[in-house]
Amino acid sequence: MNNIALLIPIMGISCGLIAIIGGVFLKPWFALREKQLATEASMVAEKAAQYAAQTEKLEQRVRVLERIVTDRGLALSDEIDALRIGGEAPARIEH
């Protein structure tokens, strides 16, 4: 019974020390970690926006190339045929 009476105050003091240590050391550490995660998230979002902008530019370039190929394909072929020496146009290959 004497051991239990001594153990109760030790446990109470230990719980208080654990709470103080948690408040002094762990709370600022969690705040710092939260700021780090927020910074990483903003960097990832910025990088994603850059990739989206680059993808949009590439899509625009592909659309221009598709328009050039489809709109001017026949006219360009006729211009090339007109430049051939001898005036003979070779047989046209249909795609």
Side-chain angles (χ1 to χ4, degrees):
M1 182 92 165
N2 195 13
N3 290 337
I4 293 177
L6 184 61
L7 192 59
I8 291 175
I10 292 174
M11 292 297 287
I13 292 171
S14 297
C15 288
L17 287 175
I18 290 173
I20 290 171
I21 290 172
V24 170
F25 293 109
L26 292 178
K27 189 174 182 181
W29 183 80
F30 281 124
L32 176 65
R33 186 67 180 137
E34 185 177 345
K35 286 181 183 178
Q36 287 174 340
L37 290 174
T39 303
E40 284 183 29
S42 67
M43 289 173 62
V44 167
E46 183 179 337
K47 188 115 44 202
Q50 289 174 353
Y51 285 143
Q54 184 179 8
T55 301
E56 178 63 29
K57 287 179 185 176
L58 290 173
E59 287 176 354
Q60 288 176 354
R61 291 181 72 175
V62 168
R63 281 193 287 268
V64 168
L65 290 173
E66 286 175 343
R67 191 175 66 235
I68 289 170
V69 168
T70 58
D71 292 349
R72 296 242 6 217
L74 184 59
L76 184 63
S77 175
D78 291 340
E79 289 176 22
I80 291 171
D81 289 343
L83 295 174
R84 292 192 188 271
I85 297 175
E88 291 183 26
R92 185 175 301 258
I93 299 173
E94 296 295 326
H95 296 280

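Side-chain heavy-atom separations under 4.5 angstrom define the hydrophobic clusters, and Leu32 shares its cluster with no other residue. Connectivity analysis of hydrophobic side chains (ILVMFWY, heavy atoms under 4.5 Å, direct or indirect) links Met43 to nothing; its cluster partners are none.
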Check: residues 45-53 side-chain donor-acceptor pairs under 3.5 Å, at least two apart:
none

Atom pairs and distances, side-chain donor-acceptor, residues 5-31, under 3.5 Å, sequence neighbours left out:
unit_1 : atom_1 : unit_2 : atom_2 : d
Ser14  : OG     : Ile10  : O      : 2.8

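For Gln54, the side chain to side chain donor-acceptor pair (under 3.5 Å) test picks out no residue, with sequence neighbours left out.
Within the structure, salt bridge (charged side-chain N to carboxylate O under 4.0 Å, His left out) pairs that include any residue of residues 29-39 do not occur (at least two apart or interchain). Annotation: salt bridge (charged side-chain N to carboxylate O under 4.0 Å, His left out) contacts involving residues 49-61, sequence neighbours excluded, comprise Glu56-Arg63.
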